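Beneath this line is the structure, given in structure tokens, with notes to follow.
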There are 2 protein chains.
Amino acid sequence: MFTPLFYVYLLNDTQDIFYRFKMLSYTEENYLKIIFSLSYPNSLEITTNDIAKKLEINPASVSDMLKKLNQKKLIDYAKYQGVRLTNEGKKIAIEIVRKHRLWETFLVDKLNFSWDEVHDVAEQLEHIQSSLLIERLYKFLDCPKFDPHGEPIPDEHGEFPVTENLICLNSCKNQQKIQVKSITDDSSALLQYLSKISVSIGVSIEICDKNSYDNSIDVIINENKNVTLSKEISEKIYGVLL
Amino acid sequence: MFTPLFYVYLLNDTQDIFYRFKMLSYTEENYLKIIFSLSYPNSLEITTNDIAKKLEINPASVSDMLKKLNQKKLIDYAKYQGVRLTNEGKKIAIEIVRKHRLWETFLVDKLNFSWDEVHDVAEQLEHIQSSLLIERLYKFLDCPKFDPHGEPIPDEHGEFPVTENLICLNSCKNQQKIQVKSITDDSSALLQYLSKISVSIGVSIEICDKNSYDNSIDVIINENKNVTLSKEISEKIYGVLL
DNA sequence: ATAAATTTTTAGACAAATCTAAATTATAAT
DNA sequence: ATTATAATTTAGATTTGTCTAAAAATTTAT
């Protein structure tokens with residue numbers, strides 16, 4: 001049903017160095033990325049349904065692909081048991097995350113995209129195959145450690161920068177105040193909304209009141225703007241206590 | 001056998017403008033680009049075999065795709081009669097050429113790629129779908145008119161810059177001398193060779209002798225280097241008479 | 001502990017883009 | 001004008017990634 005795992009030696013970047021290269025399709029890369037992001041940072045076990053929902057496809061399709069990725073030793077998967085990335089799979093996933101965040105940085109820093117315009121384009125750019133390209137881009141951007149949403153960018157060895165201990169706005173108590181450090185979702189719908197209410201990396205948010213009915217919170221943004229944030233929003237905002 | 005032509009209205013670039021968008025696959029885009037480049041600049045009729053050779057695939061596969069592109073009204077094609085781009089097909093092909101050449105320019109000017117390293121990466125980048133991206137890139141590069149190989153870059157309306165009257169090195173007579181203005185093939189094999197013999201945009205080449213047996217020519221590069229160039233090489237080099 | 005509900009997998013089908021082999025059409029050569 | 005050669009197309013198969021419907025396994029609830 002599936003072709004066996006195979007490695008090929010490919011001439012990459014039209015450079016004269018050959019290197020071991022696991023041939024992955026655009027789609028396979030996407031699965032690895034999704035599994036990684038759903039399990040980050042705790043390497044949780046992910047379910048077929050989680051992936052199907054995220055990719056907006058049928059769970060049956062996911063089952064097929066999981067079988068294939070398992071054969072390629074990129075995930076650990078047994079029927080009905082959930083999925084976890086292998087070290088090899090994780091390495092590839094981190095590489096894709098790295099590319100995604102570097103491209104987002106490029107788009108914002110060099111091409112003047114706003115932070116809510118970058119996601120869809122970066123989703124495409126992250127699949128461009130060229131290690132030379134990504135290393136040159138990394139240098140061109142001055143080896144950035146965080147992307148425009150404050151998300152950490154892994155270095156060339158796949159290591160994430162050490163971050164201050166971030167806490168979720170959602171988990172703050174009344175009267176606590178944080179400085180926003182990262183938004184853990186780069187969808188344009190969320191980011192456009194945050195822009196509208198003047199939330200960006202660096203602003204302060206003070207918790208005034210918590211509504212236990214819907215878990216929304218009343219906050220003051222940058223000492224001057226009162227807003228109510230839904231649970232869905234507040235759990236995407238991370239920062240350091242002020 | 002093939003799905004009917006259809007147009008969709010898509011939200012592009014996460015911007016709030018909808019626009020008419022002909023859904024094309026990566027592969028379909030490549031066919032249009034190949035047909036364009038094989039027929040440029042005279043809109044020649046192209047054969048199934050020409051395309052098969054260029055794409056290194058079986059002519060039978062090309063036949064299938066031509067039928068499909070014809071149905072989509074991107075080419076004019078009748079069985080056994082050859083192919084020609086329609087205006088719509090040409091517009092799309094030029095857009096891809098534009099993207100390819102802008103990305104090549106980016107790689108060389110901003111990321112310090114050498115001219116022989118850009119082709120394979122640009123082949124991937126040219127298929128990124130985002131008009132916002134390409135217009136921003138265009139501005140970022142200061143609206144370049146020529147790519148690193150001297151090839152003209154169409155503007156945002158698909159217009160090619162007017163060029164001096166270029167003549168092919170291949171068609172020069174003995175003792176004539178040209179200044180190199182463009183190389184009409186960006187394969188790394190050719191460009192690496194040209195680098196090795198010190199041919200680049202701007203250098204002078206003087207024809208010393210023509211060998212009618214294999215159509216090779218003996219030339220002097222930049223007044224100091226004697227080299228013999230094969231027909232295959234000399235027909236890729238264009239310039240202005242000095 | 002069993003039944004009900006949910007999740008996951010299998011089976012079979014489909015579209016896109018390719019292939020090989022065979023048939024057809026066009027072109028060139030005598 | 002007929003034949004030989006070359007180019008092109010058709011027919012049928014394959015791979016990848018998806019689907020729907022049905023079957024199987026797991027989880028939840030009583």
Side-chain angles (χ1 to χ4, degrees), chain A residues 1-6 8 22-35 38-39 44-72 74-84 89 92 96 123-124 127 129, chain B residues 1-6 8 22-35 38-39 44-72 74-84 89 92 96 123-124 127 129:
Chain A
M1 191 169 185
F2 292 114
T3 48
L5 169 64
F6 69 109
V8 270
K22 188 169 277 187
M23 268 301 209
L24 291 185
S25 70
Y26 189 100
T27 312
E28 290 169 324
E29 286 195 351
N30 262 337
Y31 272 86
L32 294 180
K33 182 186 68 169
I34 295 298
I35 297 168
L38 286 173
S39 60
L44 293 174
E45 205 142 77
I46 302 308
T47 70
T48 303
N49 252 6
D50 291 340
I51 299 170
K53 261 170 215 146
K54 192 84 178 183
L55 289 174
E56 295 179 283
I57 62 174
N58 198 295
S61 312
V62 176
S63 274
D64 277 348
M65 181 57 93
L66 293 183
K67 229 182 283 175
K68 186 172 160 187
L69 292 173
N70 186 61
Q71 278 184 324
K72 291 195 176 190
L74 299 170
I75 59 175
D76 282 323
Y77 162 74
K79 279 199 221 175
Y80 299 101
Q81 298 311 125
V83 203
R84 190 164 272 162
I92 295 170
I96 299 165
E123 290 272 90
Q124 299 177 62
H127 298 288
Q129 300 287 358
Chain B
M1 190 169 187
F2 294 113
T3 49
L5 170 64
F6 71 109
V8 271
K22 188 168 277 187
M23 268 301 208
L24 291 186
S25 70
Y26 188 101
T27 312
E28 290 170 324
E29 286 196 353
N30 262 336
Y31 273 86
L32 294 180
K33 182 186 68 168
I34 295 298
I35 296 168
L38 286 173
S39 61
L44 292 174
E45 205 142 77
I46 302 308
T47 69
T48 303
N49 253 6
D50 291 341
I51 298 169
K53 262 171 214 147
K54 192 84 177 182
L55 288 174
E56 296 180 282
I57 62 174
N58 198 295
S61 312
V62 176
S63 273
D64 277 348
M65 181 57 92
L66 293 183
K67 229 182 283 175
K68 187 172 159 187
L69 292 174
N70 186 60
Q71 277 184 325
K72 291 196 176 188
L74 299 170
I75 59 175
D76 282 322
Y77 162 74
K79 280 199 223 176
Y80 300 101
Q81 298 312 124
V83 203
R84 191 164 271 162
I92 296 170
I96 299 164
E123 290 272 270
Q124 298 178 61
H127 299 287
Q129 300 286 2

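Lettering of chains follows the sequences in order, A, B, ..., and the numbering in each one begins at 1. What you see is a predicted model; the values in this text were computed from it and never measured.
- As rounded to whole Å, 14 Å separates atom C1' of D:dT18 from atom CG of A:Asn30.
- To the nearest angstrom, P of C:dA16 lies 11 Å from CD of B:Gln71.
- With contacts defined as side-chain heavy-atom distances shorter than 4.5 Å, the pair B:Leu69/B:Tyr77 does not qualify.
- Remark: B:Asn70 pairs with no residue by the side-chain hydrogen bond (donor to acceptor under 3.5 Å, both in side chains) rule, at least two apart or across chains.
- A:Tyr31 comes within 4.0 angstrom of the backbone, heavy atoms only, and of no base.
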What protein N or O atoms touch nucleotides 4-10 of chain D N or O atoms at under 3.5 angstrom, if any, and at what distances?
{"from": "D:dT8", "atom 1": "OP2", "to": "B:Asn49", "atom 2": "N", "distance (Å)": "2.8"}
{"from": "D:dT9", "atom 1": "OP1", "to": "B:Tyr77", "atom 2": "OH", "distance (Å)": "2.4"}
{"from": "D:dT9", "atom 1": "OP1", "to": "B:Tyr80", "atom 2": "N", "distance (Å)": "2.8"}
{"from": "D:dT9", "atom 1": "OP2", "to": "B:Thr48", "atom 2": "OG1", "distance (Å)": "2.9"}
{"from": "D:dT9", "atom 1": "OP2", "to": "B:Ser63", "atom 2": "OG", "distance (Å)": "2.5"}
{"from": "D:dT9", "atom 1": "OP2", "to": "B:Tyr77", "atom 2": "OH", "distance (Å)": "3.4"}
{"from": "D:dT9", "atom 1": "O5'", "to": "B:Ser63", "atom 2": "OG", "distance (Å)": "3.3"}
{"from": "D:dT9", "atom 1": "O4'", "to": "B:Tyr80", "atom 2": "OH", "distance (Å)": "3.4"}
{"from": "D:dT10", "atom 1": "OP1", "to": "B:Lys79", "atom 2": "NZ", "distance (Å)": "2.8"}
{"from": "D:dT10", "atom 1": "OP2", "to": "B:Lys67", "atom 2": "NZ", "distance (Å)": "2.8"}

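- Side-chain contact between A:Ile75 and A:Leu32 is present, with heavy atoms from C-beta onward closer than 4.5 Å.
- In terms of the ring-ring contact (aromatic ring centres under 6.0 Å, His included) criterion, B:Tyr80 has no residue partners (sequence neighbours excluded).
- With contacts defined as side-chain heavy-atom distances shorter than 4.5 Å, the pair B:Lys33/B:Lys54 does not qualify.
- When rounded to the nearest whole Å, the span between CD of A:Glu45 and C1' of C:dT7 equals 15 Å.
- For the pair B:Met65 CE and C:dA15 C1', the computed distance is 12 Å after rounding to whole Å.
- Here the P atom of nucleotide D:dT16 and the CG atom of A:Leu24 are 13 Å apart, to the nearest Å.
- A:Glu56 has its CD atom 16 Å from the C1' atom of D:dC19, to the nearest Å.
- Side-chain N or O atoms of A:Glu29 include none that pairs as donor or acceptor with a backbone N or O of A:Leu24 at under 3.5 Å.
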